[in-house]
Amino acid sequence: MHVLILGGTTEARRLAELLHGTPGLRLTSSLAGRVAAPRLPPGEVRIGGFGGTEGLTAWLREHAADVLVDATHPFAGTMSFHAAEAAAGARVPLLALRRPGWTPVPGDRWREVDSLAEAAAALPGLGRRVFLTTGRMGLAAFADLPADLYFLVRSVDAPEPPYPARTEVLLDRGPFTLDGERDLLRRHRIDVVVTKDSGGAATAPKLTAAREAGLPVVVVRRPPAPEGVPVVPTPEDAVTWLLAHPGHRLPPG
């Protein structure tokens, strides 16, 4: 059985670790190549895009993939739709490995929005010192905000312009600790946090730290995902699904 994992996430790497060495299983992990020094999973690894739905469909056929696992980031919405279309075109079963989103708890001061542009529009009325944890992509949405707003931008790799005039970049990679997040908010005098609903435990401590400090948090909702695709929340659940669904191409239809 040949399994292609569309990865780049902690869950994708963990799934590869669980599957690596399984008798009779060939494993290929695909990374988008947006991070300069990614943590590579075990097994075969390819880096770079496929060239849209047609390219992914062709790859699945040419490499005789039996199962496709979409373990991309929850905000890689376009890739998830490409995966669904390519799996259907190549007649290959598709499984989505998608970490559950965050949910507010008592004490949270969340403002949920549908885009980075909406998040930017909300900021002037919420605070002046912004902890921006949406990654290095999409900072242009905040570039034209008033110059008196300060942004602490945390990302794995350095962002490229355009970005806000008063931007301090913190290069770091999770998982992050609650004590570390508390110290960061206090040290930089942060009064509002902006994040995407990425879910998972690796970056969740910032939400707890913000709640403890009474800070508002602007949360960008996840983009829509393809319908009709089986979804599991953990790599262990993905292994169970794969073992229960031996890798066979779907019959022509």
Side-chain angles (χ1 to χ4, degrees), residues 8-12 32 34-35 70-82 96-105 107-146 149-164 166-170 172-176 181 184-185 188 190-211 213-227 231 233:
T9 59
T10 301
E11 291 79 12
R34 293 180 178 175
V35 176
D70 174 16
T72 57
H73 192 276
F75 280 80
T78 299
M79 190 64 224
S80 291
F81 279 94
H82 286 176
L97 170 54
R98 191 168 297 121
R99 69 184 78 147
W102 293 317
T103 55
V105 301
D108 280 328
R109 296 176 57 198
W110 285 16
R111 176 176 294 194
E112 297 185 78
V113 297
D114 290 320
S115 67
L116 291 175
E118 288 187 21
L123 283 179
L126 294 176
R128 293 296 178 186
R129 297 186 65 83
V130 184
F131 182 28
L132 187 57
T133 67
T134 56
R136 66 187 179 92
M137 310 295 289
L139 296 186
F142 303 87
D144 294 329
L145 289 176
L149 267 68
Y150 160 88
F151 287 84
L152 177 65
V153 174
R154 183 167 67 191
S155 64
V156 176
D157 294 321
E160 298 180 356
Y163 45 72
R166 294 181 61 204
T167 294
E168 179 178 351
V169 176
L170 176 61
D172 205 352
R173 187 197 303 259
F176 302 104
E181 299 293 63
L184 183 148
L185 296 181
H188 293 275
I190 298 300
D191 56 17
V192 59
V193 177
V194 181
T195 185
K196 293 177 177 178
D197 180 16
S198 300
T203 61
K206 65 190 171 191
L207 301 175
T208 302
R211 180 170 62 251
L215 302 183
V217 180
V218 180
V219 181
V220 182
R221 298 185 184 96
R222 295 181 175 188
E227 297 181 357
V231 179

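Along the sequence shown, the residues carry numbers beginning at 1.
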* Asked: From Thr103 OG1 over to Trp110 CH2, what is the distance, rounded to the nearest 0.5 angstrom?
  -> 6.0 Å
Distance-only donor-acceptor pairs under 3.5 Å for side chains of residues 215-222, two or more places apart:
{"unit_1": "Arg221", "atom_1": "NH1", "unit_2": "Asp114", "atom_2": "OD1", "d": "2.8"}
{"unit_1": "Arg222", "atom_1": "NE", "unit_2": "Asp197", "atom_2": "O", "d": "2.8"}
{"unit_1": "Arg222", "atom_1": "NH1", "unit_2": "Arg99", "atom_2": "O", "d": "2.9"}
{"unit_1": "Arg222", "atom_1": "NH2", "unit_2": "Arg99", "atom_2": "O", "d": "2.9"}
{"unit_1": "Arg222", "atom_1": "NH2", "unit_2": "Pro100", "atom_2": "O", "d": "3.3"}
{"unit_1": "Arg222", "atom_1": "NH2", "unit_2": "Ser198", "atom_2": "O", "d": "3.1"}

* To do: Specify the closest pair of heavy atoms between Ala120 and Leu145, including all atoms of both residues, with the distance to one decimal.
  => O-CD2, 3.5 Å
* Ala12 and Ala71: which non-hydrogen atoms are nearest, and at how many Å? -> CB-CB, 3.6 Å
* Atom pair CZ (Arg128) and CD1 (Ile190), whose distance is rounded to the nearest 0.5 Å -> 14.0 Å
* To the nearest 0.5 Å, tell me how far Leu152 CG sits from His188 NE2. => 5.0 Å
* Considering the options Ser155, Pro161, Pro159, which one meets the side chain to side chain contact (heavy atoms under 4.5 Å, CB included) requirement together with Leu139? -> Pro159
* Asked: Where do Lys196 and Leu116 land on the side-chain contact (heavy atoms from CB on, under 4.5 Å) test, with the steps shown first?
  -> CA-CA 9 Å; Lys196 293 177 177 178; Leu116 291 175; 4.3 Å; yes
* Could you walk me through whether Arg111 and Glu118 pass the salt bridge (charged side-chain N to carboxylate O under 4.0 Å, His left out) check? -> CA-CA 10 Å; Arg111 176 176 294 194; Glu118 288 187 21; over 6 Å; no
* Asked: Has the side chain of Arg109 got a donor or acceptor atom that lies under 3.5 Å from a matching backbone atom of Gly214?
  -> yes
* Asked: Could you walk me through whether Phe151 and Tyr163 pass the side-chain contact (heavy atoms from CB on, under 4.5 Å) check?
  -> CA-CA 9 Å; Phe151 287 84; Tyr163 45 72; over 6 Å; no
* To do: Find the distance between CG (Leu132) and CG (Leu170) and round it off to the nearest 0.5 Å.
  => 12.0 Å
* Structure fact -> With sequence neighbours left out, the residues meeting side chain to side chain contact (heavy atoms under 4.5 Å, CB included) with Thr10 are Arg13
* Closest heavy-atom contact between Thr167 and Pro164? -> OG1-O, 2.7 Å
Check residues 202-211 and write down every donor-acceptor pair under 3.5 Å in which the side-chain atom is one partner and the other belongs to a residue at least two apart or another chain.
{"unit_1": "Lys206", "atom_1": "NZ", "unit_2": "Thr133", "atom_2": "OG1", "d": "2.8"}
{"unit_1": "Lys206", "atom_1": "NZ", "unit_2": "Thr195", "atom_2": "OG1", "d": "2.9"}
{"unit_1": "Arg211", "atom_1": "NH1", "unit_2": "Asp108", "atom_2": "OD1", "d": "3.1"}

* Does the side chain of Thr9 reach to within under 4.5 Å of the side chain of Leu97, using non-hydrogen atoms? -> no
* **Closest non-hydrogen atom pair between Arg136 and Ala158, with its separation** => CD-O, 3.8 Å
* Asked: Atom CD of Glu160 and atom CE of Met137: how far apart are they, to the nearest 0.5 Å?
  -> 8.5 Å
* Structure fact -> For Phe75 and Pro223, the nearest pair of non-hydrogen atoms, with its separation, is CD2-CD, 3.5 Å
* Minimum-distance pair of heavy atoms, taken over all atoms of Val194 and Ala119 -> CG1-CB, 4.1 Å
* Asked: Would you say the side chain of Phe142 lies within less than 4.5 Å of the side chain of Leu123, judging by non-hydrogen atoms?
  -> yes
* Answer yes or no on whether Arg166 is positioned over the face of Tyr150, meaning its NZ or CZ is under 6.0 Å from the six-membered ring centre and within 45° of the axis. => no
